[in-house]
Amino acid sequence: MKKNKGLFALSPLMVFVALYLVSSIVAGDFYKVPITVAFMLSSVYAVVVSGGLPLGRRIQTYSKGASGENMMLMLWIFVLAGAFAHSAKVMGSVDATVNLTLSIIPESMLLPGLFLAACFISLSIGTSVGTIVALTPIAAGIATVTGESMAEIVGLIVGGSFFGDNLSFISDTTVVATRTQGCKMSDKFRVNMYTAVPSAVIVMLIYILVYGSVDYKGEPGPVEWQKVLPYLIVLGCAVTGMNVMAVLTIGIAMTGLIGVIDGSYDFYGWMGSMGEGITGMGELIIITMMAGGLLEIVRANGGIDYIIERVTRHVHGKRGAEMCAASLVGLVNLCTANNTVSILTVGDISKQIGDRYGVDSRKMASILDICSCAVQGLLPYGAQVLMAAGLAEINPVEIVPYLYYPMMIGVAAILSIFFRYPRRYS
């Protein structure tokens, strides 16, 4: 495909922003313009304006992005997550887990407790998606029972999930960042802690001091432990490091076994609940595929190459090198909606820039990981926000204002560059 020069290569993204965000803000309602329609129109525009090849080849490029290996893996996770979440909900697992949570955690610590749980689980399993799949249905149930904002409570789960995505030893972003920069995981972990842990503590304090107690009227219902068991098993398997698809498959099997035995539904009721859950993820799957195709067009037209060329043009000194790497990985993440891919894309050039200006490889790896997670955590078309929105049945844009942790680590990363923090690695 012939590569377009300049900002024109990025114009499909601009069209999407104009169609969805700008028009929704003008209308004062994010439901006025369906996100599926915005992606569809932006995708048509991307295919039409991509010159140099016949229409069939341009559509083929778009389809390649919509059906790539990573994309299909994510879609399978969406299907399994929908089947597990809805079958568990129908058998009463969500209500039972909500009752257990309200019985254990005091009202003054409900929001901080949920955030802390998301941080711990994501740190243990190394994936934000797995954490969101496990905790979002519970958070949505708590929001319904307590009357708290659904977007706010789901947002703290998504935010907490990026704590481990960024910090965990087994996170794919950690693996890629350390490999591209040639440093040890343990060293990158130490540098990351100086930014991630204080950010998490500040967010915890916000939930404790600003939001206060949850105004919950009434007493929690009885805890039916057998209905809590599917979630406990899913969390237990996830913490052991098991593949997220295997975890969800085990969870689905447990909902069927327990639900049929205790009479929550019969075999056909279980099958029906899974079918409804999969159908309910349809819009999410369509959005994800169209986003993948649109971003592949941007990449093939040279949009990412243009960003790298422009950002690396004026680099002076260590601060400039670190800010360049942070900007690169953030901008590429906007164009790929995948933090691991964005680190892979700019890892080598960031290494070269860092070596040229004497940036510690451990600090550079930390910057790449933190900034990619900060941007990924705030994307309304990113897999994590889309997954959470699909499970909670809300608009993904509603969640974004409540993603305090990704915002905090983004700010902290910028401050660490300007103030040369931590000193021993700067």
Side-chain angles (χ1 to χ4, degrees), residues 1-27 30 32-68 70-71 74 283 286-314 324-339 341-346 349 371-372 374-383 385-386 395-397 400 410:
M1 182 176 287
K2 181 181 178 181
K3 292 193 174 185
N4 299 313
K5 297 297 183 181
L7 287 175
F8 188 69
L10 299 172
S11 62
L13 279 178
M14 300 175 188
V15 170
F16 169 73
V17 170
L19 283 173
Y20 185 63
L21 293 180
V22 175
S23 60
S24 296
I25 292 171
V26 171
F30 280 101
K32 283 284 187 182
V33 180
I35 192 170
T36 47
V37 175
F39 267 120
M40 181 193 71
L41 296 176
S42 304
S43 298
V44 171
Y45 168 82
V47 171
V48 169
V49 300
S50 299
L53 288 175
L55 178 60
R57 291 289 298 277
R58 284 179 266 165
I59 295 175
Q60 189 176 35
T61 300
Y62 180 89
S63 301
K64 176 185 174 182
S67 60
N70 291 330
M71 187 66 62
M74 188 59 62
E283 183 181 34
I286 291 169
I287 291 170
T288 304
M289 292 183 71
M290 287 196 294
L294 176 69
L295 297 172
E296 177 63 20
I297 290 282
V298 170
R299 187 203 63 77
N301 279 333
I304 292 176
D305 292 339
Y306 172 75
I307 290 172
I308 293 174
E309 177 189 343
R310 297 290 295 181
V311 172
T312 57
R313 185 173 295 179
H314 305 289
C324 175
S327 302
L328 275 177
V329 77
L331 289 170
V332 172
N333 209 132
L334 284 172
C335 297
T336 60
N338 187 306
N339 45 351
V341 171
S342 65
I343 296 174
L344 273 172
T345 302
V346 306
I349 191 169
C371 292
S372 66
V375 173
Q376 181 70 18
L378 295 171
L379 290 181
Y381 53 90
V385 176
L386 286 175
N395 191 304
V397 178
V400 174

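Computed from a predicted model, the values in this text were never measured in an experiment.
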Indicate the atoms forming the closest heavy-atom contact of [X] with [Y], along with that distance.
{"X": "Ala66", "Y": "Met71", "value": "O-CG, 3.2 Å"}
{"X": "Gln376", "Y": "Asn338", "value": "OE1-N, 3.3 Å"}
{"X": "Leu386", "Y": "Pro380", "value": "CD2-O, 3.4 Å"}
{"X": "Ser42", "Y": "Ala38", "value": "OG-O, 2.7 Å"}

Main-chain N/O of [Y] paired to [X] side chain as donor or acceptor, under 3.5 Å:
{"X": "Tyr381", "Y": "Leu334", "value": "yes"}
{"X": "Arg299", "Y": "Ile304", "value": "no"}
{"X": "Asn301", "Y": "Gly303", "value": "no"}
{"X": "Glu296", "Y": "Tyr62", "value": "no"}

To the nearest 0.5 Å, how far apart are [atom1] in [X] and [atom2] in [Y]?
{"X": "Asn339", "Y": "Cys371", "atom1": "CG", "atom2": "SG", "value": "11.5 Å"}
{"X": "Met290", "Y": "Leu41", "atom1": "CE", "atom2": "CG", "value": "9.0 Å"}
{"X": "Arg57", "Y": "Lys64", "atom1": "CZ", "atom2": "NZ", "value": "10.5 Å"}
{"X": "Ile287", "Y": "Ile35", "atom1": "CD1", "atom2": "CD1", "value": "4.5 Å"}
{"X": "Leu294", "Y": "Leu13", "atom1": "CG", "atom2": "CG", "value": "5.5 Å"}
{"X": "Leu331", "Y": "Arg310", "atom1": "CG", "atom2": "CZ", "value": "12.0 Å"}

Should the ring pair Phe39 and Phe16 be called parallel, tilted or perpendicular, given that the plane angle runs from 0 to 90° and is split at 30 and 60?
-> parallel
side-chain hydrogen bond (donor to acceptor under 3.5 Å, both in side chains) partners for Thr345, two or more places apart | none
Partners meeting side-chain hydrogen bond (donor to acceptor under 3.5 Å, both in side chains) with Ser327 (sequence neighbours left out) =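 With neighbours one apart ignored, the set is empty.
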Not counting sequence neighbours, which residues clear salt bridge (Lys or Arg N to Asp or Glu O under 4.0 Å) with Glu309? List them please.
->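 With neighbours one apart ignored, the set is Arg313.
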Can you confirm whether [X] sits close enough to [Y] that some side-chain heavy atom of one is under 4.5 Å from a side-chain heavy atom of the other?
{"X": "Val47", "Y": "Leu55", "value": "yes"}
{"X": "Thr61", "Y": "Ser50", "value": "no"}
{"X": "Leu10", "Y": "Ile307", "value": "yes"}

Does the pair Ile308 and Leu328 meet the rule for a side chain to side chain contact (heavy atoms under 4.5 Å, CB included), with working shown?
-> CA-CA 6 Å; Ile308 293 174; Leu328 275 177; 3.7 Å; yes
Do the side-chain N and O atoms of Asn333 and Ser372 include a donor-acceptor pair separated by under 3.5 angstrom?
-> no
